[in-house]
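A short worksheet on the structure shown next.
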There are 2 protein chains.
Amino acid sequence: MNIGDVATRSGLPAKTIRYYEDIGLIKPRRSENGYRHFAESDLHKLAFLGRARALGFTIEDCRTLMALYEDESRASADVKQLAQEHLDKISAKIADLQAMHGTLSELVQCCAGDNRPDCPILRDLSQPADDARD
Amino acid sequence: MNIGDVATRSGLPAKTIRYYEDIGLIKPRRSENGYRHFAESDLHKLAFLGRARALGFTIEDCRTLMALYEDESRASADVKQLAQEHLDKISAKIADLQAMHGTLSELVQCCAGDNRPDCPILRDLSQPADDARD
DNA sequence: TCTTGACCTTCCCCTGACTGGAACCTCCAT
DNA sequence: ATGGAGGTTCCAGTCAGGGGAAGGTCAAGA
């Protein structure tokens, strides 16, 4: 297969596939004309990468996951630990975003949203931190 | 005030403050020795920026918010709209992360996490998309 | 045979919002 | 005079690619 075929079949842009080769995640062979030539196993790896990325794993995590996947004598504990750490990061991000959402939605609700200049959102932003407001 | 003072008082790193000047968010005067000289109004702006950034607004949003803040004849509707759009993006991100979290935590729960190689996480990643699994 | 258009190649710059570091300058206290 | 803590500019790197230029290759049609 050429890169366009694997792009279609993996759902990844050709640019991304070239990038993954660049950073050593895949190693497709080359045809005589210089074109990348992908085997089914390359496609399989790309699909694996696409799914890991869709779950939010970093590229470096993906590299580790691929290595574990190819290591027949891996311990599932290693995979689980990596996934658990990632899960914790996701949880932390969700918590951050929910805090932002909470604060901001309060402010938005308080804002009249008319053509007058008075605005609680700007008032809050311009105010000193309200950690200890009495 | 020199940059170190405003860094301390605003809670922003000096590097960030220089960056904000670079991209035109603030315009501190200069002393004769070439040092930046910050007025109280600069500090106020930096605090405003810090709070807006903490709520997840992009730099460009911050630029707009500052302009609105300084425009006495603004309409609060403009501020509210900007904030609402940002809120929607936050909600979308939370939803994405929660979807990842849901999938991944299921997989983690299914994984024994022992020293055997069998691992449902890797199995799922290596499998074709399960959109229509029966 | 020639040409057209789709596909492929490498290369370099761009993104956001900073951060790190090098090389150098200035101020103040000792 | 000197040492150290501040300040300055500029360059490069982060992450995961995306955009686009300049050019090589291939298959089909005139």
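Computation of the quantities below employed the complete heavy-atom set of this structure, encompassing side-chain atoms and omitting hydrogens, waters and symmetry-equivalent molecules. Just so we're on the same page: letters track the sequence lines, and every chain starts at 1.
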Inset, instruction - Check A:Arg30, A:Lys45, A:Lys27 against A:Glu21 for a salt bridge (Lys or Arg N to Asp or Glu O under 4.0 Å) and give me the one that passes. - result: A:Arg30
Legend entry - Presence of salt bridge, A:Arg116 and A:Asp118, under 4.0 angstrom: no
Inset, instruction - Check the distance between D:dC15's P and A:Leu49's CG and give it to me in whole angstrom. - result: 17 Å
Legend entry - Same apolar cluster (I L V M F W Y, side chains within < 4.5 Å links), A:Ile59/A:Ile90: yes
Legend entry - Integer-rounded Å distance: D:dT8 P and B:Glu32 CD: 15 Å
Please table the atom pairs, donor to acceptor, closer than 3.5 Å between any side-chain atom in residues 92-100 of chain B and protein atoms at least two apart or in another chain.
none

Legend entry - Residues forming a side chain to side chain contact (heavy atoms under 4.5 Å, CB included) with B:Ala39, sequence neighbours excluded: B:Ser41, B:Asp42
Legend entry - Separation of D:dG17 C1' from A:Ile26 CD1 (nearest whole Å): 14 Å
Legend entry - Where protein sits on nucleotides 8-21 of chain C, one letter per nucleotide: B base, S sugar-phosphate only, - none, heavy atoms under 4.0 Å: SBBB-----BBSBB
